[in-house]
Each structure stands twice: as C-alpha cells, then as structure tokens.
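Written out below as structure tokens is the structure these notes cover.
Letters A, B, ... are given to chains in the order of the sequence lines, protein chains preceding strands, and every chain is numbered from 1.
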Number of protein chains: 2
Amino acid sequence: MSGWLVIAGLGPGDAALMTPEVDQALAAATDIVGYIPYVARIADRKGLVKHASDNRVELERSQHALELAAAGRRVVVVSSGDPGVFAMAAAVFEAVESGLADWRNLDIRVLPGITAMLAAAARAGAPLGHDFCTINLSDNLKPWAVIEKRLRLAAEADFAMAFYNPRSKARPEGFARALTVLQEACGDQRPVIFARAVSTPEETLRIVALPDCTADMADMRTVVLVGSSRTRLIERVGARPIVYTPRAIP
Amino acid sequence: MSGWLVIAGLGPGDAALMTPEVDQALAAATDIVGYIPYVARIADRKGLVKHASDNRVELERSQHALELAAAGRRVVVVSSGDPGVFAMAAAVFEAVESGLADWRNLDIRVLPGITAMLAAAARAGAPLGHDFCTINLSDNLKPWAVIEKRLRLAAEADFAMAFYNPRSKARPEGFARALTVLQEACGDQRPVIFARAVSTPEETLRIVALPDCTADMADMRTVVLVGSSRTRLIERVGARPIVYTPRAIP
C-alpha cells in the first residue's frame with residue numbers, strides 16, 4: 001500500500017478543458033483536497049473522500065494532503081487552472097520543504113491544466129502572441145512596492161501582461177493603483193481585456209482601451225490581459241473585435 | 001454549408017495532455033492544416049484531408065486555412081502546446097487583418113492547450129509559482145537588441161522566466177548571448193531547467209545552476225525555465241531535486 005499525491009489543474013471551468021491525464025488521476029484517487037468551489041467540481045462516488053477547505057489556508061491544506069499520502073492514501077489536490085500558476089503547487093512544496101523529512105520521499109506529481117490567462121487569451125484572439133509577463137496583483141503575500149516596480153519594468157520591456165487576482169473585497173484599492181501606474185507608464189490606447197469566469201455559464205469578456213479602464217471592471221474571478229504597444233484590434237461587423245499581438249517586431 | 005476555422009493546441013506531445021474540446025474539433029474537421037510533425041500527430045480517417053507544410057511559412061499556411069474555411073470546409077489549424085503562445089493563432093490573425101474583408105466574418109475560434117512552459121514547470125515542481133515572464137528567444141522576427149533589453153528588465157523585475165525557441169541550427173549564437181546577459185544581470189546560483197520534449201518518449205529534464213549553463217544544453221525542442229532570485233531546490237535522496245518558487249515575498 002503506497003500512497004501518492006497529485007496536484008492537478010482542473011482548467012478554468014468547463015470539463016471539456018480538463019485533460020484526460022487529470023481525469024485519470026481523479027478516477028484513481030481515494031481523497032480530494034482543495035478549496036471549497038474546486039472540490040465541488042468533482043463528482044461524488046463511493047469510496048471517495050472529499051476534504052474541502054476555505055481560502056487562505058493553503059499551507060495547512062497542503063500539510064493535510066501530505067499526511068494523507070504518507071498514510072497510504074491516493075490524494076489529488078485540486079487547483080483551478082494550472083496548479084503551477086498562482087495555485088496549489090508552490091504551497092505544497094513549501095509544506096514539503098518545511099515538513100517531515102519523509103515527505104520528500106513521497107510520490108508527488110504535478111499535472112498541468114489550462115490556466116486562466118490562456119483560456120482568456122484564446123477567447124479574445126491572440127493577445128499573448130508575443131513576449132508577455134504574468135503577475136499576481138494580490139498583495140496578500142508581497143509588498144505593493146514589488147508589484148509597482150514589476151508593472152513599471154514590464155511596461156518598459158513592452159511585454160503584454162496577464163494579471164491574476166486583480167481585485168478582492170478585502171483590497172479594493174490595489175487594482176486602481178495598478179491601473180494608474182499602467183496608464184502613466186504606457187501612455188497609449190492599447191487594449192485591455194477583462195475576462196471573467198471564462199468557459200463557465202457566467203463568462204463575460206470586455207475589451208476596453210487602457211485610458212478608459214476603471215477598477216470596478218475586475219473582481220477576483222477576472223483575469224486581466226493588457227496588450228503591448230503593438231497589440232492590435234481587428235474590427236468586425238456584428239461581433240466583438242479580435243485582439244492580437246503580431247509575431248514580428250520590425 | 002458553413003465552414004469554420006479552429007486554431008487548436010495539441011499540448012506538448014502526450015495525447016493525455018490534449019483537451020476533450022480539441023479532440024471534438026478534430027473529430028468534426030474536414031481539413032487539418034499545420035506544420036508537418038504536428039499534422040502527423042492526427043490519426044488518418046476517411047474524409048479527412050491533411051495539409052502539412054514546412055516551418056517558416058506560417059502566413060501562407062494561415063491564408064490557405066482561411067481560404068478553405070471560406071469555401072465551406074471545417075478546418076483545424078494545429079499547433080503544438082497552446083496556439084496563442086508563440087504559435088499559430090497570431091499568424092492566422094495577421095492573415096485575417098491583411099486579407100479579404102469576408103474573412104473577418106468567418107467563424108474563427110482558438111482552443112487553448114497545455115503550453116510547453118507549464119508542462120515543463122509541472123515536471124520540475126513549481127518554478128513559475130510566482131510572477132514570471134515568457135520570451136521567445138528566436139531573433140527571426142525581432143532584433144536581438146529587443147531580446148537583450150527584455151532579459152535585463154526581466155532580471156531587474158526579478159521575474160522567473162520561460163524561454164521558447166532558445167536555439168536553432170541557423171542561430172547557434174543567440175542562446176549563448178542570452179546566457180551571458182543573464183549570468184551578468186542575475187549574478188547568482190539560481191536554478192535553470194532545461195526541459196526537452198516533455199511528455200514524449202524523448203523527454204529529458206536537467207537542472208543546472210545559472211553560472212554553469214552553456215548554450216549546448218538547449219535545442220529547438222527545449223523550453224528553458226530560469227528561476228527568480230527566490231526560487232529554491234528541495235534536495236531528495238535518489239531522486240531529482242524539486243524546483244519551486246515560494247508564493248510570498250516578505
């Protein structure tokens with residue numbers, strides 16, 4: 001009886017965006033561990049134990065999952081999107097590094113998933129079709145000064161940008177500050193995409209020129225994509241424009 | 001009879017990493033268009049026409065796919081990984097923008113896939129677990145000066161980094177120059193991951209400290225991940241270390 005721990009990405013919402021590899025891990029699991037809404041996405045079946053926990057307890061959740069695997073259980077820690085992008089994989093490895101020596105010998109695997117920025121980019125066209133950066137705007141775990149510095153350098157590098165966790169009820173002002181920095185640093189009309197709950201029934205997608213963006217356009221279910229200076233709109237009759245970043249810089 | 005055009009991501013190689021959504025599009029297609037090795041991944045079946053073309057003809061390939069869809073065919077343009085990350089989606093939209101007005105009215109959809117950097121990161125642990133940037137190191141379509149500027153700014157921002165197309169036979173010197181810039185700009189022992197052909201039978205993964213990296217460690221099938229200054233190794237007995245970037249910056 002040897003346990004294992006898989007950290008799996010469920011994708012952005014639609015089951016058709018979850019890989020067969022993740023499906024197989026879920027089918028072989030004895031235990032599912034994760035944030036309440038993600039655990040709720042897994043169908044009940046006989047012999048499957050679900051351990052749902054609230055937000056902001058990622059380290060305790062990881063320790064619990066490691067204890068279960070060490071006791072011989074087959075454990076899947078579920079993340080939305082990809083587990084390696086602002087999700088559970090880093091938290092589990094923090095718990096491994098600071099935990100029992102034996103945990104390092106466990107069979108631990110990370111299974112990738114479709115992360116929110118790529119699902120959102122696909123809906124909009126190809127806004128991340130050239131060099132880009134990916135920033136977690138939450139200042140729960142890092143100082144605002146680091147975020148602002150990264151935004152200014154990303155603008156100077158002329159990266160397209162993808163932002164996770166732009167805005168929460170607990171920190172309504174952070175995203176407004178980020179927009180002010182970008183409006184000043186970019187100084188142009190580049191398109192910004194507000195993609196909310198992509199691939200779910202609540203999906204919305206809005207394209208707004210950077211000077212017209214306001215903080216209330218995003219919430220915690222929104223991923224925000226900001227074009228580079230070269231990102232373009234293809235206008236269409238009776239349909240949303242296509243947003244894409246060309247492959248070449250002359 | 002109305003045609004459509006889907007630009008689909010096949011993932012990094014293993015069929016278990018391709019989404020059901022892409023599978024369904026392939027099953028409904030009359031025509032598959034793409035680079036020779038990617039088209040070869042699609043099983044033959046009666047009524048399916050395959051159009052395989054060589055590298056570096058992305059625009060012509062896109063125009064051909066649009067012509068087929070405009071003629072009523074159901075066309076899937078196949079990309080490795082995710083079509084929006086240094087792959088076919090941007091090329092198709094360049095062709096739409098510069099092409100016939102009617103092409104803008106076509107039913108065009110992008111279906112995301114598991115892109116190479118996320119498959120590689122999953123194998124290594126969670127090296128992209130904090131803010132990161134993604135850069136195409138090929139200087140086919142952009143000047144070297146842009147690449148160097150972005151590398152220096154990315155180092156200053158302390159992003160983890162993912163590099164696509166690090167090295168080709170035609171441009172063996174570019175990656176060596178990139179490594180020199182990074183070794184100078186970062187000035188530390190941070191881990192670098194050379195992940196080749198992840199999820200295929202030829203998969204290899206190598207972890208090397210930045211000062212010890214040499215250009216011959218990568219080829220065009222390699223994605224290179226460079227840690228931030230905070231990326232850590234968890235050493236294990238009898239197994240490769242785990243590479244991860246913690247979630248917090250104190």
Task: A:F86/A:Y164 aromatic ring centres below 6.0 Å - done: yes
Open item on the list: side chain to side chain contact (heavy atoms under 4.5 Å, CB included) for A:I7 and A:F93? Distances and angles first, verdict last.
Closed with: CA-CA 10 Å; A:I7 312 153; A:F93 294 124; 4.2 Å; yes
- [ ] Under 4.5 Å heavy-atom distance to chain A, tell me which part of B:D23 shows up: side chain, backbone, both or neither.
- [x] neither
Task: Which atoms of A:N140 approach chain B - backbone, side chain, both or neither, heavy atom under 4.5 Å - done: neither
Task: A:M117 to A:A162 - nearest heavy-atom pair and separation - done: SD-CB, 3.6 Å
Open item on the list: Taking side chain as everything from C-beta outward and backbone as N, CA, C, O, which of these in A:M88 sits under 4.5 Å from a heavy atom of chain B? Side chain, backbone, both or neither.
Closed with: neither
Task: Contacting moiety of B:L233, where chain A heavy atoms sit under 4.5 Å - done: backbone
- [ ] Could you check which of B:A160, B:P143, B:A124, B:G238 has the highest count of heavy-atom pairs closer than 4.5 Å to chain A?
- [x] B:P143
Open item on the list: For B:I242, which atoms come within 4.5 Å of any heavy atom of chain A: side chain, backbone, both, or neither?
Closed with: side chain
Open item on the list: Can you see whether B:E97 engages A:Y244 through a side-chain donor-acceptor pair at a distance of less than 3.5 angstrom?
Closed with: yes
Open item on the list: Counting heavy-atom pairs closer than 4.5 Å to chain B, which one of A:L17, A:N136, A:V85 comes out on top?
Closed with: A:L17
Task: When B:L151, B:T245, B:I135 are compared by non-hydrogen pairs under 4.5 Å with chain A, the top option - done: B:I135
- [ ] Against chain B, label A:R109 side chain, backbone, both or neither, depending on which of its atoms sit under 4.5 Å from a heavy atom there.
- [x] neither
- [ ] Please determine if B:E156 and B:R152 form a salt bridge, counting it only when a charged side-chain N lies under 4.0 Å from a carboxylate O.
- [x] no
- [ ] May I ask you to decide whether B:D54 forms a salt bridge with B:R56, counting only side-chain N to carboxylate O separations under 4.0 Å?
- [x] no
- [ ] Flag the one option from B:A239, B:P250, B:A121, B:P246 with the top tally of heavy-atom pairs under 4.5 Å to chain A.
- [x] B:P246
TODO: Just give me the residue among A:D14, A:V110, A:V22, A:D131 that pairs up with chain B most often, heavy atom to heavy atom, under 4.5 Å.
DONE: A:D131
Task: Max heavy-atom pair count under 4.5 Å with chain A, selected residue of B:A89, B:G84, B:A16, B:P83 - done: B:A16
Task: Contact leader toward chain A among B:V237, B:N105, B:D158, B:V96, where contacts are heavy-atom pairs under 4.5 Å - done: B:D158
Task: Closest heavy-atom pair and its distance - B:V76, B:A29 - done: CG2-CB, 3.7 Å
Open item on the list: For A:R104, is there an ion pair with B:E235 - N to carboxylate O distance below 4.0 angstrom?
Closed with: no
Open item on the list: Determine whether a donor-acceptor pair (N or O, by modelled atom type, separation under 3.5 Å) exists between the side chain of A:D82 and the backbone of A:T115.
Closed with: no
Task: B:E94 side chain vs A:R247 backbone, donor-acceptor pair below 3.5 Å - done: yes
Task: Option that, when pairs with chain A are counted at under 4.5 Å, heavy atom only, ranks first among B:G129, B:P112, B:A154 - done: B:P112
Open item on the list: Does any backbone or side-chain atom of B:V146 lie under 4.5 Å from a heavy atom of chain A? Answer side chain, backbone, both or neither.
Closed with: side chain
Task: Part of A:A15 lying under 4.5 Å from any heavy atom of chain B - done: backbone
Task: Top contributor to chain B contacts, counting heavy-atom pairs under 4.5 Å, from A:I249, A:T19, A:I147 - done: A:I249
